[in-house]
Colleague: 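Take this structure first; my questions come after.
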2 protein chains.
Amino acid sequence: MSEPGAGAKQGGENLLFLTDEQLRKGIEAMFFAYRAFTADPDRILEGLAYGRAHHRAVHFINRQPGLTVNTLLSVLGVTKQSLNRVLRTLIEDGLVETRVGRKDKRERHLYLTEKGAGLERELSEAQRARMRAAYRAAGPSAVAGFREVLEAMMDPDLRRYYTTMKDGNA
Amino acid sequence: MSEPGAGAKQGGENLLFLTDEQLRKGIEAMFFAYRAFTADPDRILEGLAYGRAHHRAVHFINRQPGLTVNTLLSVLGVTKQSLNRVLRTLIEDGLVETRVGRKDKRERHLYLTEKGAGLERELSEAQRARMRAAYRAAGPSAVAGFREVLEAMMDPDLRRYYTTMKDGNA
DNA sequence: TTGGAAAGTCAACATGACTGACATAATATC
DNA sequence: GATATTATGTCAGTCATGTTGACTTTCCAA
């Protein structure tokens, strides 16, 4: 967009970081990193009767206590049938509790119980440990770039959600 | 690692980017971005009788033509039974062909056919389009940071593989 | 020649997605 | 007040992808 740099296929710009080869490396990096990223919580979940879907539900309920089923649905991007199976077991096992909406009594607001918050902490801590190590190894400016690229990659609706929740509650 | 910056909980260093809050945002960014990252090829695969697993197989066979089943197995991190089901359909449909190893005749070396390469290009182009847009939006130095953090996040074995293949063949 | 590695196959099962159909309750609209 | 819509929950069935375990075939190498 600015400097007419050294030759690249696409034009007169300095777009060497946009070659197909660079993009393919980025794709592979996402694949390998995401696998590692989910591996630690998966290992914890293994013993329990829960899976990755439960982890995600618990994560977002923790992030935004009192969110409705519908909101969680659109954040997770799954069908209500799929989410319902997950929520049902979490409620039965006393990890999540629902409260009927005050304004709109059709809505169910979701909260973690103490027990649920405990599991969330355990899973999250495992995942954060890896993230922390990666952040530390790469340094603050790399982390900023990491976040920028991921953000640009998201679908607009979720990017909106993501940035709204940015540096949100504890 | 360098500048003794403003106060952080952890010590005298500038570790504000390592707060739990920052780490949680990174976790969510990974989750949302990965979903978007797989969405485009998934849409293409939908019509065909293939899934994400087929895409991954085709991707790595394209990256490293002639790799053995065992190598692909460890790159993908699945069981041979799981991979076999995928490979069988790809071979039956004429997207992948195997050649018996010259040195070791037990090994099967995997190659894409013309047809297979066609599908790979289609899937890959969809995925690269999103990656390209994100790279362009974020800029070269953000991309460098992105790659650094992802690399630091990988499991050591796959990081080794990844860096070995770095900017490898077309 | 025999042990073990590489590959392939069969069966059974779990998880987490999906669609479609339907029920209930509460809100919103006409 | 009747009707439509929304939010949620549930049942049933399907699919893709992963898993274990058991077993066979092929073939290299000690």
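Throughout, protein chains are lettered first and strands after them, A, B, ... in sequence-line order, and every chain is numbered starting at 1.
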Colleague: Output the rounded distance in Å from CG (B:L90) to C1' (D:dA16).
Modeller: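 That distance rounds to 14 Å.
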Colleague: Under 4.0 Å between a Lys/Arg side-chain N and an Asp/Glu carboxylate O for A:R132 and B:D20?
Modeller: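 A salt bridge is present here (some side-chain N lies under 4.0 Å from a carboxylate O).
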Colleague: Look at the side-chain N and O atoms of A:N70 and state whether any lies under 4.0 Å from the OP1 or OP2 oxygen of D:dT8.
Modeller: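 Checking A:N70 against D:dT8: at least one side-chain N or O falls below 4.0 Å of OP1 or OP2.
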Colleague: Could you give the CG-to-C1' distance, from A:N84 to D:dT8, as a whole number of Å?
Modeller: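 The distance from CG of A:N84 to C1' of D:dT8 comes to 8 Å, rounded to the nearest Å.
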Colleague: Please tell me if A:R52 has a side-chain N or O lying less than 4.0 Å from either OP1 or OP2 of D:dT17.
Modeller: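 It does not, given that no N or O in the side chain of A:R52 lies less than 4.0 Å from OP1 or OP2 of D:dT17.
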Colleague: Which is the 5'-most and which the 3'-most nucleotide of DNA chain C that has an atom under 4.0 Å from a heavy atom of chain B?
Modeller: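 So the outermost contacting nucleotides come out as C:dG4 to C:dC10.
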Colleague: Partners of B:V149 by side chain to side chain contact (heavy atoms under 4.5 Å, CB included), sequence neighbours excluded?
Modeller: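 By the side chain to side chain contact (heavy atoms under 4.5 Å, CB included) rule, B:V149 matches A:A134, A:Y135, A:A138, A:A142, A:V143, A:F146, B:M153.
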Colleague: With sequence neighbours excluded, what pairs up with A:R35 under the salt bridge (charged side-chain N to carboxylate O under 4.0 Å, His left out) test?
Modeller: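 Checked A:R35 against salt bridge (charged side-chain N to carboxylate O under 4.0 Å, His left out); zero matches.
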Colleague: Can you tell me which residue pairs pass the ring pair (Phe, Tyr, Trp, His ring centres under 6.0 Å) test with a partner in residues 93-127 of chain B, sequence neighbours excluded?
Modeller: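 The answer is none; no pair qualifies.
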Colleague: Could you list by number each residue of residues 36-47 of chain A showing a heavy-atom separation from DNA chain C of less than 4.0 Å, or answer none if no residue does?
Modeller: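 Under 4.0 Å from DNA chain C: no residue of residues 36-47 of chain A.
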Colleague: Which donor-acceptor pairs under 3.5 Å do the side chains of residues 66-73 of chain A make with protein atoms, sequence neighbours left out?
Modeller:
from: A:T68; atom 1: OG1; to: A:T71; atom 2: N; distance (Å): 3.2
from: A:T68; atom 1: OG1; to: A:T71; atom 2: OG1; distance (Å): 2.9

Colleague: Which word best sums up how the rings of B:F37 and B:Y34 line up, parallel for under 30°, tilted for 30 to 60°, or perpendicular for over 60°?
Modeller: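 Ring orientation, 0 to 90° scale: tilted.
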Colleague: Taking 4.0 angstrom as the limit, do A:R99 and A:E97 come out as a salt bridge?
Modeller: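 A:E97 and A:R99: salt-bridged.
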Colleague: Can you name the salt bridge (charged side-chain N to carboxylate O under 4.0 Å, His left out) partners of B:E28, sequence neighbours left out?
Modeller: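 Result, salt bridge (charged side-chain N to carboxylate O under 4.0 Å, His left out) vs B:E28: A:R63, B:K25.
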Colleague: Using a strict 4.0 Å threshold on nitrogen-to-oxygen distance, state whether B:R159 and B:E148 make a salt bridge.
Modeller: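 Salt bridge absent between B:R159 and B:E148.
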Colleague: Return each pair, listed once, that meets salt bridge (Lys or Arg N to Asp or Glu O under 4.0 Å) where at least one residue sits in residues 42-58 of chain B; pairs must be two or more places apart or across chains.
Modeller: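 Only B:D40-B:R43, B:D42-B:R52 qualify under salt bridge (Lys or Arg N to Asp or Glu O under 4.0 Å).
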Colleague: Can you sort out which residues in residues 91-113 of chain B have a heavy atom within less than 4.0 Å of DNA chain C? Ascending by number, please.
Modeller: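 Within residues 91-113 of chain B, the residues near DNA chain C are B:R106, B:E107, B:R108.
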Colleague: Taking the inter-plane angle between the rings of A:Y50 and A:H54 on a 0 to 90° scale, is it parallel (under 30°), tilted (30 to 60°) or perpendicular (over 60°)?
Modeller: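 Answer is tilted, since the angle falls between 30° and 60°.
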Colleague: Between the protein and nucleotides 19-22 of chain D, which nitrogen or oxygen pairs come in under 3.5 angstrom?
Modeller:
from: D:dT19; atom 1: OP2; to: B:T79; atom 2: N; distance (Å): 2.7
from: D:dT19; atom 1: OP2; to: B:T79; atom 2: OG1; distance (Å): 2.8
from: D:dG21; atom 1: O6; to: B:Q81; atom 2: NE2; distance (Å): 2.9

Colleague: Can you name the salt bridge (charged side-chain N to carboxylate O under 4.0 Å, His left out) partners of A:R85, sequence neighbours left out?
Modeller: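 Salt bridge (charged side-chain N to carboxylate O under 4.0 Å, His left out) check on A:R85 returns nothing, list empty.
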Colleague: I need the full list of ring pair (Phe, Tyr, Trp, His ring centres under 6.0 Å) pairs touching residues 60-108 of chain B, with sequence neighbours left out, sorted by first then second residue.
Modeller: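 Counting only pairs at least two positions apart or across chains, the ring pair (Phe, Tyr, Trp, His ring centres under 6.0 Å) contacts touching residues 60-108 of chain B are A:F31-B:F60, A:F32-B:F60.
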